[in-house]
Asks: 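Could you have a look at this structure, given as structure tokens, before my questions?
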Protein chains: 2
Amino acid sequence: MAKNAAARGPTIRDVAALAGVHPSTASRALDASLPGRVAEPTASRVRAAAHALGYVPDPAARSLRTRRSGLVGVVIPDLTNPVLAPIVQGVEETLRAAGFGCLLADTDNDPAREASAIDELEARRCEGLVIATARRRSAAVERLAKRGPAAVLVTRGLDTGALPLVAADDAQGVAAAVRHLAALGHRHLAHLTGPRDLSTTVRRARAVRESAKALEPPDVDVVVHHGSGFTIADGRRLARALLSAHPEVTAIVAGNDMIALGCLDAMAGAGLRCPEDVSLVGHNDMPFVDRLEPALTTVAIPQRALGVRAAEVLLGRLAGEAVATEQLVLPTQLVVRGSTAPPPPAARRS
Amino acid sequence: MAKNAAARGPTIRDVAALAGVHPSTASRALDASLPGRVAEPTASRVRAAAHALGYVPDPAARSLRTRRSGLVGVVIPDLTNPVLAPIVQGVEETLRAAGFGCLLADTDNDPAREASAIDELEARRCEGLVIATARRRSAAVERLAKRGPAAVLVTRGLDTGALPLVAADDAQGVAAAVRHLAALGHRHLAHLTGPRDLSTTVRRARAVRESAKALEPPDVDVVVHHGSGFTIADGRRLARALLSAHPEVTAIVAGNDMIALGCLDAMAGAGLRCPEDVSLVGHNDMPFVDRLEPALTTVAIPQRALGVRAAEVLLGRLAGEAVATEQLVLPTQLVVRGSTAPPPPAARRS
DNA sequence: CTGAAAGCGCTAACAA
DNA sequence: TTGTTAGCGCTTTCAG
């Protein structure tokens with residue numbers, strides 16, 4: 001016979017009784033944020049009683065009274081993308097240190113699931129939301145600017161800029177990548193992007209184009225192909241089409257590392273070597289891309305710091321800080337490894 | 001002036017008023033698990049009212065009354081180990097489908113943080129816990145067998161077997177690896193393990209030894225070195241020491257894929273090629289090890305399924321199913337890739 | 001500085 | 001079938 005109901009723990013009344021005070025006094029004594037509201041001898045008696053009984057306040061009762069749940073929702077597109085792990089770690093660690101619990105929701109890159117995840121998290125009365133899934137326009141996310149729990153976006157922002165965003169300086173990183181390739185002698189670049197409805201895609205695509213134009217002399221051309229996802233399969237598809245349509249291209253700037261992995265597949269499938277025939281640059285420097293063959297040259301983003309800062313911005317809002325919609329930009333860095341090299345002496349076209 | 005308090009949503013009283021019934025009737029009407037407790041016309045009026053107002057029940061109030069939080073805690077050792085991502089996904093997806101929220105806690109492989117994470121999760125009144133961090137003996141985890149929320153372990157079990165465990169059939173997978181290496185002609189194997197206080201370590205180590213002994217003829221010897229963690233750095237250290245102390249070894253069975261990655265580093269550092277000089281087998285088949293150079297031969301575990309089954313076992317317990325302490329074992333499979341080959345013709349000893 | 005009283009929003013017993 | 005009542009455990013006025 002399973003005793004299903006959890007054994008009830010001691011309540012504040014038990015603590016108060018043991019300390020010989022009124023429950024409300026016990027409550028005050030245990031509230032660290034109100035020092036001096038209770039005489040010290042009394043307070044320490046209460047603390048001793050609480051400790052002796054192993055008292056743990058009931059969050060439901062407290063939450064019902066205070067209207068605060070101590071919960072934050074974290075909405076992510078796909079946990080198996082390794083770049084997310086350090087970000088989530090940073091978020092979780094920072095939030096936990098501040099006394100918040102992290103409710104995780106993986107949307108599997110599905111906008112419908114994003115919307116329902118946000119609804120659910122809101123139904124659970126999360127005080128705040130960290131959202132890593134935002135598309136440039138998304139009713140579900142945009143609504144949070146007007147109504148609902150405080151929200152902070154990571155990496156992916158809204159076109160309206162209506163919500164605070166903590167993102168990496170992709171433009172700078174991508175520009176460095178373009179200059180790196182141009183310096184190696186590449187004159188025909190391609191940029192294979194993720195979905196156009198993500199801010200990261202447009203930021204990076206614009207940076208590729210503009211940094212190519214800004215070269216001295218401006219003799220590097222760029223072909224941009226847009227993909228429909230940030231997956232290896234998307235990268236494979238894109239690269240396959242690109243390589244056959246544009247044999248003049250000798251270097252690819254991938255929208256992220258997953259797409260870059262797909263590019264490697266497509267190159268191998270087309271009998272092209274990386275970097276001898278085609279150079280490749282990724283984006284994110286996600287774990288393990290330094291161990292590929294060839295080791296991937298990529299734009300490193302401060303993964304953990306993104307998570308930490310996003311959590312901090314959220315905590316600031318929850319603490320009632322000024323409601324300025326911040327757009328925080330963290331530095332990136334081009335990490336040159338083995339996947340970039342000078343172009344082959346002759347054009348690839350056979 | 002920030003309006004900090006969340007705008008109060010409609011309550012069940014609002015719904016009841018709009019539907020012209022008593023709050024308790026409205027509550028019953030909205031409780032799907034009690035069909036027929038309310039006349040259909042009344043019930044549909046209540047539902048309409050709830051819908052019209054956008055009523056969402058307050059989980060704190062409900063939880064206070066029902067003693068159920070709808071929360072499950074998920075305790076993991078290190079999110080950046082890619083093998084955990086699919087497991088957590090499986091857990092989260094299954095739990096969410098059953099209406100539970102997932103509170104994530106990353107312990108960073110620290111037993112003290114495991115203990116405090118469990119305490120915190122319990123303080124938040126989680127109804128259940130999925131624990132992927134258990135060591136063979138751990139007061140914090142063992143206590144859950146007696147007192148506290150229902151708990152299910154994944155991958156790592158307790159020596160006492162006091163809690164249900166969902167794990168992969170490591171023994172079978174490792175035995176297949178040993179037979180594979182023996183068939184290739186290896187006679188001197190090494191096994192580099194994770195920490196000895198993890199059940200996975202002892203399971204795999206025993207399997208390596210026993211399957212070597214069981215070979216016909218039993219002419220393969222095994223040297224086992226124990227490490228202190230499941231990280232790349234641990235693998236590097238272990239392999240470095242092994243390779244210099246045991247030049248006769250031509251094949252390594254790594255405790256997991258992270259250790260295997262460290263082995264690759266150490267081999268490269270020692271001027272040994274994989275697989276020409278030393279063969280290598282990993283464990284877990286975590287994402288991306290198929291893309292290394294060489295592609296890693298490894299024991300694949302059903303990652304996502306482990307998470308799904310663990311969640312299902314937990315849900316079963318929460319539903320009051322028989323309290324049998326189940327030890328669920330899911331099949332593994334040796335995936336042969338490029339890191340294993342016949343040993344070099346002459347012994348490595350120079 | 002401490003006690004009394006009330007009530008957060010919900011649902012489970014009980015009554016009608 | 002529906003309404004009445006009560007109370008989950010906590011904190012927060014308001015009195016004293």
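Order of the sequence lines fixes the chain letters, A, B, ..., with proteins taken first and strands second; residue numbering starts at 1 for each chain.
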Asks: Determine the minimum heavy-atom distance between A/Leu198 and A/Ala134, stating which atoms define it.
Replies: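 Minimum heavy-atom contact is CD2-O, 3.7 Å.
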
Asks: Take A/Arg28 and B/Arg125, find for each the nucleotide of DNA chain D with the closest heavy atom, and name the residue whose nucleotide sits nearer the 5' end.
Replies: B/Arg125

Asks: Using the C1' atoms of five pairs at each end, what's the angle between the two axes of the helix from C/dC1-D/dG16 to C/dA16-D/dT1, to 10 degrees?
Replies: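 The angle separating the two end axes equals 40°.
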
Asks: Which nucleotide of DNA chain D is the first, and which the last, in the 5' to 3' direction, to come under 4.0 Å of a heavy atom belonging to chain B?
Replies: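 Taking any atom under 4.0 Å from a heavy atom of chain B, the span is D/dT1 to D/dG9.
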
Asks: Under 3.5 Å, is there a donor-acceptor pair between the side chain of A/Asp110 and the main chain of A/Thr107?
Replies: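 Looks like no, no N/O pair under 3.5 Å.
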
Asks: Sequence neighbours left out, what passes side-chain contact (heavy atoms from CB on, under 4.5 Å) with B/Arg309? Give chain and number order.
Replies: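 Residues passing side-chain contact (heavy atoms from CB on, under 4.5 Å) with B/Arg309: B/Val166, B/Glu312, B/Leu328, B/Leu330.
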
Asks: Would you please name every residue forming a side chain to side chain donor-acceptor pair (under 3.5 Å) with B/Arg68, sequence neighbours left out?
Replies: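 For B/Arg68 the side chain to side chain donor-acceptor pair (under 3.5 Å) partners, ignoring immediate neighbours, are B/Glu127.
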
Asks: What is the minimum heavy-atom distance between A/Thr133 and A/Pro77, and which atoms define it?
Replies: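 So the minimum-distance heavy-atom pair works out to CG2-N, 3.2 Å.
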
Asks: With nearest nucleotides of DNA chain D determined for A/Asp31 and B/Leu64 from heavy-atom distances, which residue corresponds to the more 5′ nucleotide?
Replies: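 Looking at the nearest nucleotide for each, B/Leu64 comes out on the 5' side.
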
Asks: Salt bridge between B/Arg147 and B/Glu142, side-chain N to carboxylate O under 4.0 Å?
Replies: no

Asks: Could you list the residues that satisfy side-chain contact (heavy atoms from CB on, under 4.5 Å) with A/Glu93, not counting sequence neighbours?
Replies: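 A/Glu93 satisfies side-chain contact (heavy atoms from CB on, under 4.5 Å) with A/Arg304, B/Arg113 once adjacent residues are dropped.
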
Asks: Can you list the residues that meet the side chain to side chain donor-acceptor pair (under 3.5 Å) rule with B/Arg65, with sequence neighbours excluded?
Replies: none

Asks: At a heavy-atom distance below 4.0 Å, what parts of residues 13-26 of chain B sit against DNA chain D?
Replies: B/Val21, B/His22, B/Ser24, B/Thr25

Asks: Using a 4.0 Å cut-off to any heavy atom of chain B, which nucleotides of DNA chain C are the first and last in contact, reading 5' to 3'?
Replies: C/dG9 to C/dA13

Asks: Is a side-chain N or O of A/Arg156 found less than 3.5 angstrom from the main chain of A/Leu153, in a donor-acceptor match?
Replies: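 No, because the side chain of A/Arg156 does not come within donor-acceptor range (under 3.5 Å) of the backbone of A/Leu153.
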
Asks: Base, sugar-phosphate, or nothing for B/Ser63, non-hydrogen atoms under 4.0 angstrom?
Replies: nothing

Asks: Using the test side chain to side chain donor-acceptor pair (under 3.5 Å), find all partners of A/Asp108 that sit at least two apart in sequence or belong to another chain.
Replies: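 Side chain to side chain donor-acceptor pair (under 3.5 Å) list for A/Asp108, sorted by chain: empty.
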
Asks: Of all the heavy-atom pairs spanning A/Gly20 and A/Arg45, show the shortest one and how long it is.
Replies: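 Shortest heavy-atom separation between A/Gly20 and A/Arg45 comes out as O-NH1, 4.3 Å.
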
Asks: Who are the side-chain contact (heavy atoms from CB on, under 4.5 Å) partners of B/Ala98, not counting sequence neighbours?
Replies: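 For B/Ala98 the side-chain contact (heavy atoms from CB on, under 4.5 Å) partners, ignoring immediate neighbours, are B/Phe100, B/Leu315.
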
Asks: Using a cut-off of strictly less than 4.0 Å between a heavy atom of the residue and any atom of DNA chain C, enumerate the qualifying residues of residues 52-62 of chain B by number.
Replies: B/Tyr55, B/Pro57, B/Asp58, B/Ala61, B/Arg62

Asks: Going by the rule side-chain contact (heavy atoms from CB on, under 4.5 Å), which residues pair with B/Ala150 if we only count those two or more places apart in sequence or in a different chain?
Replies: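 B/Ala150 satisfies side-chain contact (heavy atoms from CB on, under 4.5 Å) with B/Leu314, B/Arg317, B/Leu318 only.
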
Asks: Hydrogens and angles aside, do B/Gln89 and A/Asp78 bring a side-chain donor and acceptor to less than 3.5 Å of each other?
Replies: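 Yes, side-chain donor-acceptor contact under 3.5 Å.
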
Asks: Any base atoms under 4.0 Å from A/Ser27, or only sugar-phosphate, or nothing? Heavy atoms, all strands.
Replies: base

Asks: For a quick test of reading the model, state the closest non-hydrogen atom pair linking B/Arg143 to B/Ile118 and the distance between them.
Replies: NH2-CG2, 4.1 Å

